[in-house]
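Every chain is numbered from 1 and lettered A, B, ... according to where its sequence line falls, protein lines coming before strand lines.
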Amino acid sequence: MEESISTAHASSEAPQPDPAALRQRLLQWYDRHARRLPWRALPEEVADPYHVWLSEIMLQQTTVVAAAPYFEAFLARWPRVEELAAAPLDEVLTAWAGLGYYARARNLHKCAQSLVAEHGGRFPQEEAALQALPGIGAYTAAAIAAIAFDRPAAPVDGNWERVIARLFAIETPLPPAKAEIREAAATLVSPQRPGDFAQAMMDLGAILCLPGRPKCLLCPLAEDCAAYALNREKELPARTPKAAKPTRRGIAFWTIDAQGRLLLRRRPEKGLLGGMMEVPSTEWRGDHWSEAEALPQAPFPADWRALPGQVRHTFTHFHLELEVWAGRIESGASPPPGSLWAEPDELDKQALPSVMRKVISHALKRGG
DNA sequence: TATTCGTGGGC
DNA sequence: TGCCCAAGAAT
């Protein structure tokens, strides 16, 4: 109610986007400026739903530059969904290591298996059926429907949100504005090249309608844009301030056995870095650790010595400071449950997230 | 609706 | 250095 009032107010002083004319201008721009991306079908080429799905999962909250090499690697290793479904989960996690948000990899694997077991290895074309699959939410279902099957759908991602918020001069800050933006976005979709239109909105957001510094002088939609008319393009979309990140602390135990192998442990399936391997550590908490508190959480009793310095890493919602203690196990001790001895020259075969690669790099550098 | 869940590049 | 953000989903 209040949102539509503010939108209506802005529209009274600014151009009211005409969907048909806007679509035509945007598609014309897209035909000349579309990015060439590894997962994107060429013009007049039929999109491969497997490629579209794989890329969309990888691109969730992830930049094109970061996702591209992973997409190529996955496609080379598992060219079809049946092969991905047949792969062991640990191999998928290892291939995903470094890309982040590891629930995506677990759901990717689950989704592949569900597609093979329940859909004959074919992707459903309906948004509702797509969204019922693991790891596919409202956005990804719409993206696959539009891009892979050319169905009218509005995959409203961060690019769409920014473009729509400016086109309609929506003053409501994000994320509360999401519903309002989705409604406005829905008024723009049509059966005319919906897949290209969806990707054109994304390319526009990535190339011209940038956060903070939009290149309005080059924008094909400048004449449609309420924010531009109101000189509000740099301020929109507004965002609610984010909460400060707390700091958590822990001690990682760099444990080497008599044969020079490194002790690794698999993390629980759910939660942070779920299912990934780690250098065993104490719990991560706000308080610093005393030696008396830390030692009972070591994987073995040993003559632990603290390596100089610490490893810093920032997750989505907290900072982490890890101290690293190095210890040697003289006898060929059997690893604790859920743990294993890893050959130091084969660590690339382990599902190690970036924070753990930092720990390993730090320990090797500091003489662990 | 609000949290949780990674990482790296840009400024 | 610190904060911003990137083709969001699950709970």
Fit a plane to each ring of Trp96(A) and Phe74(A), take the angle between them on a 0 to 90° scale, and name the class: parallel (under 30°), tilted (30 to 60°) or perpendicular (over 60°).
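Rings of Trp96(A) and Phe74(A): perpendicular, over 60°.
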Taking the side chain of Val64(A) as heavy atoms from C-beta outward, which of dA7(C), dG6(B), dA9(C) is closest to it?
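Looking only at heavy atoms from C-beta outward on Val64(A), the closest nucleotide is dA7(C).
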So which nucleotide from dA6(C), dA9(C), dA7(C) ends up closest to the side chain of Gln60(A)?
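Within the option list, the nearest is dA9(C).
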Using a 3.5 Å cut-off and no angle test, enumerate the donor-acceptor pairs between side-chain atoms of residues 202-217 of chain A and protein atoms at least two apart in sequence or in another chain.
{"from": "Asp203(A)", "atom 1": "OD1", "to": "Arg35(A)", "atom 2": "NE", "distance (Å)": "2.9"}
{"from": "Asp203(A)", "atom 1": "OD1", "to": "Arg35(A)", "atom 2": "NH2", "distance (Å)": "2.9"}
{"from": "Asp203(A)", "atom 1": "OD1", "to": "Arg40(A)", "atom 2": "NH2", "distance (Å)": "3.1"}
{"from": "Asp203(A)", "atom 1": "OD2", "to": "Arg35(A)", "atom 2": "N", "distance (Å)": "2.9"}
{"from": "Asp203(A)", "atom 1": "OD2", "to": "Arg40(A)", "atom 2": "NH1", "distance (Å)": "2.8"}

Taking side-chain hydrogen bond (donor to acceptor under 3.5 Å, both in side chains) as the test, write out the residues that go with [X], two or more places apart.
X         : value
Asp90(A)  : Arg266(A)
Glu161(A) : Lys178(A)
Glu233(A) : none

Under the rule for side-chain contact (heavy atoms from CB on, under 4.5 Å), what residues qualify as partners of Ala148(A), not counting sequence neighbours?
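Expected list: Pro49(A), Val52(A), Ile144(A).
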Tell me if the centroids of the rings in His313(A) and Phe315(A) come within less than 6.0 Å of each other.
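Centroid distance His313(A)-Phe315(A): below 6.0 Å, so yes.
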Ring centroids only, cut at 6.0 angstrom: are Trp325(A) and Phe300(A) within range, meaning strictly under it?
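No, too far apart.
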Side-chain heavy-atom pair Ser190(A), Phe197(A) within 4.5 angstrom cut-off
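A side-chain contact under 4.5 Å is absent here.
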Any pair counted as salt bridge (Lys or Arg N to Asp or Glu O under 4.0 Å), so long as it reaches residues 188-202 of chain A, sequence neighbours left out
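Found Asp31(A)-Arg193(A), Arg193(A)-Asp196(A).
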Closest-nucleotide ordering on DNA chain C, the 5'-leading residue of His319(A) and Gln199(A):
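Result of the comparison: His319(A).
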Answer with yes or no whether the side chains of Glu293(A) and Ser290(A) bring together a donor and an acceptor at under 3.5 Å.
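Indeed, the side chains of Ser290(A) and Glu293(A) share at least one donor-acceptor pair under 3.5 Å.
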Check whether Trp284(A) forms a cation-pi arrangement with Arg267(A) (NZ or CZ under 6.0 Å from the six-membered ring centre, at most 45° off the ring normal).
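Yes, cation above the ring, under 6.0 Å and within 45°.
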Those residues of residues 187-198 of chain A lying under 4.0 Å from DNA chain B by at least one heavy atom
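Nucleic-acid contacts, sorted: none.
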Got a sec? Which of residues 75-94 of chain A come in under 4.0 Å of DNA chain B, heavy atoms?
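Residues of residues 75-94 of chain A that come under 4.0 Å of DNA chain B do not exist, since none gets that close.
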Is His317(A) close enough to dC5(B) that one of its side-chain N or O atoms is under 4.0 Å from OP1 or OP2 there?
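Yes, such a contact exists.
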Can you pull out the residues from residues 231-246 of chain A that lie within a 4.0 Å heavy-atom distance of DNA chain C?
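Those residues whose heavy atoms fall under 4.0 Å from DNA chain C, taken from residues 231-246 of chain A in numerical order, are Arg239(A), Lys242(A).
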Just to be sure I understand the geometry, which residues of residues 147-166 of chain A put a non-hydrogen atom under 4.0 Å away from DNA chain C?
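Hits under 4.0 Å, by residue number: Asp157(A), Gly158(A), Asn159(A), Arg162(A).
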Between protein and nucleic acid, restricted to nucleotides 7-11 of chain B and to nitrogen or oxygen atoms under 3.5 Å apart, what atom pairs and distances do you find?
{"from": "dT7(B)", "atom 1": "OP1", "to": "Tyr102(A)", "atom 2": "OH", "distance (Å)": "3.0"}
{"from": "dT7(B)", "atom 1": "OP1", "to": "Ser354(A)", "atom 2": "N", "distance (Å)": "2.6"}
{"from": "dT7(B)", "atom 1": "OP2", "to": "His313(A)", "atom 2": "NE2", "distance (Å)": "2.7"}
{"from": "dT7(B)", "atom 1": "O3'", "to": "Ser354(A)", "atom 2": "OG", "distance (Å)": "3.2"}
{"from": "dG8(B)", "atom 1": "OP1", "to": "Ser354(A)", "atom 2": "OG", "distance (Å)": "3.2"}

With rounding to the nearest 0.5 angstrom, report the OG1 to CG distance, Thr94(A) to Asp348(A).
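Reported to 0.5 Å precision, the distance equals 9.5 Å.
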Is the shortest side-chain N to carboxylate O distance from Glu91(A) to Arg77(A) below 4.0 Å?
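Yes, this pair counts.
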Those residues that, when tested against Trp254(A), pass ring pair (Phe, Tyr, Trp, His ring centres under 6.0 Å) (two or more places apart):
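With sequence neighbours excluded, Trp254(A) shows a ring pair (Phe, Tyr, Trp, His ring centres under 6.0 Å) to no residue whatsoever.
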Please state the P separation for the pair dA2(B) and dA7(C) - nearest whole angstrom.
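It works out to 23 Å between them.
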